[in-house]
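To find a chain, count down the sequence lines: A is the first, B the second, and so on, and within it residues start at 1.
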Amino acid sequence: MNWPTTKAELISLQLELASATPAPWVLPDRPLIGGVWVCFPRGLSGPGAAGDPAWAAAVVTDGRRVVEQQSSRGTALASYTPGLLALRLGPVLEGAVRRLAGRPDVLLLDGTGRDHPRGAGLAVQLGAVLDLPTVGVTHRPLVASGDWPDDLAGATAPLLVDGRHVGTWVRTRTGTRPLAVHPGWRTDLATSVAVVSTCLAGRRTPEPLRLARQAARLLRGR
DNA sequence: GCGACAG
DNA sequence: ATCTTGTCGC
(Lines give C-alpha, C1' and ligand atoms only; values in the text may rest on other atoms or scores of the structure.)
Protein backbone atom coordinates (compact mmCIF):
# COMPACT_ATOMS: atom_id res chain seq x y z
CA MET A 1 0.00 0.00 0.00
CA ASN A 2 1.28 3.46 -0.92
CA TRP A 3 0.53 6.93 0.40
CA PRO A 4 -2.02 9.01 -1.41
CA THR A 5 -0.57 12.22 -2.77
CA THR A 6 -3.78 14.14 -3.26
CA LYS A 7 -6.60 15.14 -0.98
CA ALA A 8 -9.13 13.17 -2.97
CA GLU A 9 -7.03 10.02 -2.90
CA LEU A 10 -6.43 10.30 0.83
CA ILE A 11 -10.11 10.79 1.56
CA SER A 12 -10.89 7.75 -0.54
CA LEU A 13 -8.35 5.68 1.40
CA GLN A 14 -9.73 6.90 4.72
CA LEU A 15 -13.25 5.86 3.78
CA GLU A 16 -11.93 2.46 2.76
CA LEU A 17 -9.95 1.97 5.96
CA ALA A 18 -12.82 3.11 8.16
CA SER A 19 -14.76 0.02 7.16
CA ALA A 20 -11.80 -2.38 7.05
CA THR A 21 -11.82 -5.26 9.51
CA PRO A 22 -8.26 -6.48 10.01
CA ALA A 23 -7.66 -9.34 12.45
CA PRO A 24 -7.54 -8.01 16.03
CA TRP A 25 -4.10 -7.99 17.58
CA VAL A 26 -3.57 -9.59 20.97
CA LEU A 27 -1.21 -7.90 23.41
CA PRO A 28 1.59 -10.37 24.25
CA ASP A 29 3.17 -10.73 27.70
CA ARG A 30 6.31 -8.78 27.00
CA PRO A 31 5.59 -6.63 23.96
CA LEU A 32 8.16 -4.70 21.99
CA ILE A 33 6.59 -1.28 21.79
CA GLY A 34 7.72 1.11 19.09
CA GLY A 35 7.34 4.85 18.81
CA VAL A 36 7.76 7.23 15.89
CA TRP A 37 7.95 11.02 15.88
CA VAL A 38 8.48 13.82 13.37
CA CYS A 39 9.66 17.30 14.26
CA PHE A 40 10.04 20.48 12.27
CA PRO A 41 12.43 23.42 12.32
CA ARG A 42 12.33 25.64 15.35
CA GLY A 43 10.48 28.80 14.53
CA LEU A 44 8.16 27.22 12.01
CA SER A 45 4.62 28.29 12.80
CA GLY A 46 1.18 27.65 11.40
CA PRO A 47 0.27 24.83 9.05
CA GLY A 48 3.62 24.89 7.28
CA ALA A 49 4.02 24.07 3.61
CA ALA A 50 5.06 21.36 1.21
CA GLY A 51 8.82 21.06 1.22
CA ASP A 52 9.28 21.83 4.90
CA PRO A 53 12.33 19.98 6.18
CA ALA A 54 11.48 17.33 8.76
CA TRP A 55 13.39 15.04 11.07
CA ALA A 56 11.98 11.70 12.12
CA ALA A 57 12.98 9.02 14.57
CA ALA A 58 11.64 5.57 15.28
CA VAL A 59 12.47 3.48 18.30
CA VAL A 60 11.75 -0.02 19.47
CA THR A 61 11.58 -0.47 23.23
CA ASP A 62 10.86 -3.21 25.72
CA GLY A 63 8.46 -0.73 27.25
CA ARG A 64 11.21 1.11 29.13
CA ARG A 65 14.57 0.88 27.38
CA VAL A 66 15.48 1.36 23.76
CA VAL A 67 16.20 -1.84 21.88
CA GLU A 68 16.80 -0.14 18.54
CA GLN A 69 16.68 3.40 17.25
CA GLN A 70 16.81 4.96 13.80
CA SER A 71 16.42 8.51 12.67
CA SER A 72 16.25 10.16 9.29
CA ARG A 73 15.90 13.41 7.45
CA GLY A 74 12.74 13.90 5.45
CA THR A 75 10.51 16.42 3.73
CA ALA A 76 6.90 17.28 4.42
CA LEU A 77 4.79 16.68 1.33
CA ALA A 78 2.08 19.16 2.22
CA SER A 79 0.95 21.73 4.74
CA TYR A 80 -1.04 20.60 7.74
CA THR A 81 -4.78 20.33 7.34
CA PRO A 82 -6.96 18.84 10.11
CA GLY A 83 -8.22 15.47 8.90
CA LEU A 84 -5.49 15.18 6.29
CA LEU A 85 -2.44 14.85 8.50
CA ALA A 86 -1.14 11.91 6.50
CA LEU A 87 -0.62 14.13 3.50
CA ARG A 88 2.03 15.98 5.49
CA LEU A 89 3.53 13.27 7.71
CA GLY A 90 2.67 9.85 6.31
CA PRO A 91 5.71 9.13 4.16
CA VAL A 92 8.13 10.66 6.67
CA LEU A 93 6.80 8.50 9.50
CA GLU A 94 6.80 5.39 7.37
CA GLY A 95 10.36 6.03 6.25
CA ALA A 96 11.67 6.19 9.79
CA VAL A 97 9.91 2.99 10.84
CA ARG A 98 11.14 1.13 7.77
CA ARG A 99 14.72 1.95 8.70
CA LEU A 100 14.37 -0.27 11.72
CA ALA A 101 16.00 -3.67 11.29
CA GLY A 102 13.46 -5.22 13.63
CA ARG A 103 9.76 -4.64 13.98
CA PRO A 104 7.95 -3.78 17.20
CA ASP A 105 4.81 -5.69 18.16
CA VAL A 106 2.87 -2.44 18.27
CA LEU A 107 3.66 1.15 17.26
CA LEU A 108 2.79 4.41 19.02
CA LEU A 109 2.41 7.67 17.14
CA ASP A 110 0.94 11.15 17.49
CA GLY A 111 -2.38 10.96 15.73
CA THR A 112 -5.95 9.83 16.16
CA GLY A 113 -7.68 6.64 15.08
CA ARG A 114 -11.43 6.49 14.71
CA ASP A 115 -11.64 9.99 16.18
CA HIS A 116 -11.65 11.49 12.71
CA PRO A 117 -14.15 13.06 10.28
CA ARG A 118 -14.11 9.87 8.19
CA GLY A 119 -13.30 7.41 10.95
CA ALA A 120 -9.71 6.69 9.95
CA GLY A 121 -7.05 8.97 11.38
CA LEU A 122 -3.30 8.73 10.91
CA ALA A 123 -2.89 5.87 13.41
CA VAL A 124 -5.20 3.72 11.31
CA GLN A 125 -3.54 4.73 8.06
CA LEU A 126 0.05 4.23 9.20
CA GLY A 127 -0.79 0.84 10.68
CA ALA A 128 -2.36 -0.27 7.42
CA VAL A 129 0.59 0.95 5.37
CA LEU A 130 3.15 -0.73 7.62
CA ASP A 131 0.97 -3.75 8.39
CA LEU A 132 1.66 -3.09 12.05
CA PRO A 133 -0.71 -2.74 15.03
CA THR A 134 -0.84 0.90 16.13
CA VAL A 135 -2.04 3.06 19.00
CA GLY A 136 -2.54 6.80 18.63
CA VAL A 137 -1.66 9.24 21.40
CA THR A 138 -2.60 12.93 21.17
CA HIS A 139 -2.89 15.92 23.45
CA ARG A 140 -6.49 16.45 22.43
CA PRO A 141 -9.18 14.83 20.32
CA LEU A 142 -9.91 15.83 16.74
CA VAL A 143 -13.68 15.50 16.55
CA ALA A 144 -14.43 13.44 19.66
CA SER A 145 -15.39 14.88 23.01
CA GLY A 146 -15.64 13.80 26.61
CA ASP A 147 -15.08 15.12 30.12
CA TRP A 148 -11.67 14.69 31.67
CA PRO A 149 -11.12 11.83 34.13
CA ASP A 150 -10.30 12.42 37.81
CA ASP A 151 -6.89 13.91 38.53
CA LEU A 152 -5.44 10.60 39.57
CA ALA A 153 -2.91 8.52 37.65
CA GLY A 154 -4.71 5.69 35.90
CA ALA A 155 -8.11 7.38 35.73
CA THR A 156 -9.85 7.15 32.35
CA ALA A 157 -12.89 8.66 30.65
CA PRO A 158 -14.53 7.96 27.29
CA LEU A 159 -14.09 10.01 24.13
CA LEU A 160 -17.24 9.96 22.03
CA VAL A 161 -18.25 10.75 18.47
CA ASP A 162 -22.00 10.68 17.95
CA GLY A 163 -22.32 8.42 20.95
CA ARG A 164 -19.64 6.05 19.67
CA HIS A 165 -16.80 5.28 22.04
CA VAL A 166 -13.77 5.94 19.82
CA GLY A 167 -11.01 6.73 22.29
CA THR A 168 -10.07 7.25 25.90
CA TRP A 169 -8.84 10.10 28.03
CA VAL A 170 -6.08 8.66 30.18
CA ARG A 171 -4.66 10.47 33.17
CA THR A 172 -1.16 9.09 32.77
CA ARG A 173 0.12 11.07 35.72
CA THR A 174 -1.53 12.85 38.62
CA GLY A 175 -1.42 16.61 38.22
CA THR A 176 -0.98 16.74 34.46
CA ARG A 177 -3.39 16.98 31.55
CA PRO A 178 -4.72 13.63 30.43
CA LEU A 179 -3.71 12.19 27.06
CA ALA A 180 -6.15 11.07 24.40
CA VAL A 181 -5.48 7.41 23.56
CA HIS A 182 -6.81 6.09 20.28
CA PRO A 183 -7.23 2.53 19.04
CA GLY A 184 -5.48 2.40 15.67
CA TRP A 185 -4.81 -0.46 13.30
CA ARG A 186 -5.85 -3.84 14.78
CA THR A 187 -6.20 -2.46 18.31
CA ASP A 188 -9.30 -1.83 20.40
CA LEU A 189 -10.15 0.49 23.29
CA ALA A 190 -8.95 -1.82 26.05
CA THR A 191 -5.79 -2.84 24.23
CA SER A 192 -4.82 0.71 23.35
CA VAL A 193 -5.05 1.82 26.97
CA ALA A 194 -3.20 -1.29 28.13
CA VAL A 195 -0.33 -0.63 25.72
CA VAL A 196 0.05 2.96 26.89
CA SER A 197 -0.19 1.92 30.53
CA THR A 198 2.64 -0.58 30.22
CA CYS A 199 5.15 1.96 28.95
CA LEU A 200 4.61 5.03 31.11
CA ALA A 201 7.57 4.78 33.46
CA GLY A 202 6.01 7.36 35.73
CA ARG A 203 5.99 10.07 33.10
CA ARG A 204 3.10 11.75 31.32
CA THR A 205 4.27 10.67 27.88
CA PRO A 206 4.70 6.98 27.00
CA GLU A 207 8.41 6.16 26.84
CA PRO A 208 8.53 5.09 23.17
CA LEU A 209 7.07 8.43 22.07
CA ARG A 210 9.18 10.47 24.46
CA LEU A 211 12.35 8.73 23.29
CA ALA A 212 11.45 9.04 19.62
CA ARG A 213 10.78 12.74 20.06
CA GLN A 214 14.06 13.14 21.88
CA ALA A 215 15.93 11.38 19.08
CA ALA A 216 14.24 13.39 16.33
CA ARG A 217 15.06 16.66 18.05
CA LEU A 218 18.62 15.58 18.61
CA LEU A 219 19.00 14.90 14.90
CA ARG A 220 17.47 18.26 14.08
CA GLY A 221 19.87 20.03 16.37
CA ARG A 222 19.21 22.91 18.69
C1' DG B 1 -19.61 34.61 7.15
C1' DC B 2 -16.98 33.03 11.47
C1' DG B 3 -14.58 30.04 14.35
C1' DA B 4 -12.75 25.51 15.28
C1' DC B 5 -9.49 22.23 13.80
C1' DA B 6 -4.68 15.48 15.33
C1' DG B 7 0.43 17.73 14.00
C1' DA C 1 4.33 21.03 15.36
C1' DT C 2 6.89 25.42 17.42
C1' DC C 3 7.30 29.95 20.05
C1' DT C 4 9.28 30.26 25.63
C1' DT C 5 11.61 31.71 31.83
C1' DG C 6 10.84 31.02 35.56
C1' DT C 7 8.73 28.52 38.86
C1' DC C 8 6.49 25.26 41.80
C1' DG C 9 6.88 20.54 43.53
C1' DC C 10 8.73 15.85 44.59
Side-chain angles (χ1 to χ4, degrees), chain A residues 3 7 10-11 13-14 17-18 35-58 71 73-97 107-127 134-146 151-153 159-161 166-170 172-185 187 192 196 200-206 209-210 212-222:
Chain A
W3 289 102
K7 176 179 178 179
L10 176 57
I11 288 176
L13 172 64
Q14 291 169 341
L17 291 178
V36 63
W37 188 275
V38 178
C39 68
F40 290 96
R42 302 191 58 171
L44 189 160
S45 66
D52 286 340
W55 294 266
S71 50
R73 197 35 220 281
T75 302
L77 300 190
S79 60
Y80 165 67
T81 303
L84 301 175
L85 185 56
L87 235 37
R88 180 165 176 77
L89 302 183
V92 183
L93 290 167
E94 182 194 358
V97 175
L107 181 72
L108 270 48
L109 68 141
D110 244 300
T112 67
R114 294 180 296 180
D115 167 18
H116 182 275
R118 288 164 293 281
L122 185 55
V124 174
Q125 299 162 46
L126 186 62
T134 58
V135 171
V137 177
T138 63
H139 293 304
R140 58 188 184 190
L142 179 55
V143 297
S145 62
D151 187 10
L152 179 66
L159 278 165
L160 309 174
V161 174
V166 301
T168 311
W169 276 124
V170 178
T172 55
R173 189 177 169 176
T174 303
T176 63
R177 280 189 43 124
L179 292 178
V181 175
H182 310 262
W185 188 244
T187 56
S192 62
V196 167
L200 286 180
R203 302 173 186 275
R204 180 169 104 107
T205 306
L209 278 182
R210 190 180 67 85
R213 177 175 59 189
Q214 192 175 68
R217 286 181 168 175
L218 185 65
L219 179 68
R220 177 186 65 184
R222 300 264 147 157

Side chains of residues 50-58 of chain A: which donor-acceptor partners sit under 3.5 Å, not counting sequence neighbours?
residue, atom, partner, partner atom, Å
A:D52, OD2, A:A49, N, 2.7
A:D52, OD2, A:R88, NH1, 3.2
A:D52, OD2, A:R88, NH2, 2.9

### Query
Would you call A:L109 and A:L122 a side-chain contact if the rule is heavy atoms closer than 4.5 Å?
yes

### Task
Using the side-chain contact (heavy atoms from CB on, under 4.5 Å) rule, take A:T174 and A:D151 through it: C-alpha gap first, then chi angles, then the decisive distance, then the call.
CA-CA 5 Å; A:T174 303; A:D151 187 10; 3.9 Å; yes

## Note on the structure
The single option from A:V181, A:V196, A:V135, A:V170 that satisfies side chain to side chain contact (heavy atoms under 4.5 Å, CB included) with A:P206 is A:V196

### Task
Let me have a per-nucleotide readout for nucleotides 2-7 of chain B, 5' to 3', with B, S or -, counting only protein heavy atoms under 4.0 Å.
---BBB

#### Entry: A:R220 vs C:dA1: side-chain N/O to OP1/OP2 distance below 4.0 Å
no

### Message
Run A:T205 and A:T172 through side-chain contact (heavy atoms from CB on, under 4.5 Å) and show every step you take.
### Response
CA-CA 7 Å; A:T205 306; A:T172 55; over 6 Å; no

### Message
side-chain contact (heavy atoms from CB on, under 4.5 Å), that's the test. Do A:L89 and A:W3 meet it? Break it down for me.
### Response
CA-CA 10 Å; A:L89 302 183; A:W3 289 102; over 6 Å; no

### Task
Can you tell me which stems DNA chain B forms, taking runs of 3 or more consecutive Watson-Crick or G-U pairs with both distances under 3.5 Å?
none

### Task
Take atom CZ of A:R213 and atom C1' of C:dT2, then tell me their distance rounded to the nearest Å.
12 Å

### A:L17 backbone acceptor or donor facing A:Q125 side chain under 3.5 Å
no

### Query
Touch check for A:R217, heavy atoms < 4.0 angstrom, all strands: base, sugar-phosphate only, or nothing?
sugar-phosphate

### Message
Are there over 12 heavy-atom neighbours, none belonging to A:R220, within less than 6.0 Å of that residue's CZ?
### Response
yes

